[in-house]
Amino acid sequence: MSPEEYVEEVLCLVERIPPGRVMSYGAIADYLAERSGRASARRVGSIMAQYGGAVPWYRVVSGAGRLPPGHEQEARARLMEEGVVFRGPRVAIADYAWWPEAAG
DNA sequence: GGGGTGACCCAGT
DNA sequence: TACTGGGCCACCC
């Protein structure tokens, strides 16, 4: 799988995250690992930092439910509009974590 | 080829 | 709960 393919897979997956649900960088990497064979949360984060603007990036948070630096207010507002409850500065990811049902 | 960096994650204290 | 150290992979200089 080429780097461009991997990027598109990440973006495509993020677009599939339904409203009111969230996914962690590690979860995305772990899911794509089954398709690309290799993945890392760091790589997913790096991709989101570059191409995240084209997808609902605010539905992607860290494994601890922390929001992307520099866009915390933005993500927080977007998620709350979708009914996501916050545990202080973090998302209750344990309750809103989403995983694709059909793994293609 | 070598060293530093990053929208990360896990384990220990 | 917050802080710290190690692991991980790809990108840039």
Side-chain angles (χ1 to χ4, degrees):
Chain A
M1 172 177 271
S2 66
E4 296 180 357
E5 286 281 315
Y6 190 85
V7 171
E8 292 194 6
E9 286 292 332
V10 172
L11 299 178
C12 185
L13 179 56
V14 174
E15 286 185 355
R16 288 164 56 186
I17 302 175
R21 293 281 184 274
V22 298
M23 238 181 133
S24 68
Y25 301 98
I28 294 171
D30 192 35
Y31 169 77
L32 292 178
E34 297 179 0
R35 298 177 63 107
S36 68
R38 71 176 90 151
S40 64
R42 304 210 60 136
R43 179 115 178 75
V44 174
S46 182
I47 290 170
M48 291 301 292
Q50 297 177 68
Y51 309 94
V55 296
W57 53 269
Y58 52 86
R59 291 180 193 151
V60 183
V61 301
S62 75
R66 303 195 313 116
L67 304 170
H71 302 283
E72 300 171 25
Q73 297 294 332
E74 187 78 11
R76 199 160 184 268
R78 298 273 188 180
L79 291 173
M80 284 196 297
E81 286 181 8
E82 297 182 351
V84 175
V85 175
F86 275 73
R87 270 294 261 172
R90 306 181 312 184
V91 180
I93 190 171
D95 298 331
Y96 296 99
W98 176 82
W99 187 267
E101 297 179 5

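A, B, ... follow the sequence lines: proteins, then strands. Residue 1 opens every chain.
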Residue set satisfying side-chain contact (heavy atoms from CB on, under 4.5 Å) with A/Arg78, at least two apart, ordered chain then number -> A/Tyr58, A/Glu74

Closest approach of [X] to [Y] (non-hydrogen atoms, all atoms of both residues):
X       : Y       : value
A/Pro68 : A/Ala75 : CD-CB, 4.5 Å
A/Ala92 : A/Arg87 : CB-CG, 4.2 Å
A/Ala29 : A/Tyr6  : CA-OH, 4.5 Å

Which is the 5'-most and which the 3'-most nucleotide of DNA chain B that has an atom under 4.0 Å from a heavy atom of chain A?
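The protein-touched segment is B/dG6 to B/dC9.
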
C/dC13 versus B/dA7 - spacing of their C1' atoms, nearest Å: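 Taking atom C1' in both C/dC13 and B/dA7, they lie 22 Å apart.
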
Which pairs of donor and acceptor atoms, one on a side chain in residues 45-52 of chain A, lie under 3.5 Å apart (sequence neighbours left out)?
from    : atom 1 : to      : atom 2 : distance (Å)
A/Gln50 : NE2    : A/Ser46 : O      : 3.4

- Query: side chain to side chain contact (heavy atoms under 4.5 Å, CB included) between A/Val60 and A/Val55: does it pass, once the steps are laid out?
  - Reply: CA-CA 10 Å; A/Val60 183; A/Val55 296; over 6 Å; no

Any N/O pairs under 3.5 Å between the protein and nucleotides 6-13 of chain C? List them or say none.
from   : atom 1 : to      : atom 2 : distance (Å)
C/dA10 : OP1    : A/Arg38 : NH1    : 3.4

Please check this pair: side chain of A/Arg59 against backbone of A/Ile17, looking for a donor-acceptor N/O pair closer than 3.5 Å.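 Indeed, once roles are kept as given, a pair shorter than 3.5 Å links the two residues.
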
Margin query: Whether the side chain of A/Tyr96 engages the backbone of A/Val85 through a donor-acceptor N/O pair (distance < 3.5 Å, no angle test) should be reported.
Written below: yes

Per the under-4.0 Å heavy-atom filter, residues of residues 75-92 of chain A near DNA chain C come out as none

Q. Listed by chain and number, what are the ring pair (Phe, Tyr, Trp, His ring centres under 6.0 Å) partners of A/Trp99, not counting sequence neighbours?
A.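 A/Tyr31.
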
Checklist entry - Out of curiosity, A/Phe86 CZ to A/Ile93 CD1, how far, rounded to the nearest 0.5 Å? => result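 The CZ atom of A/Phe86 sits 11.0 Å away from the CD1 atom of A/Ile93.
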
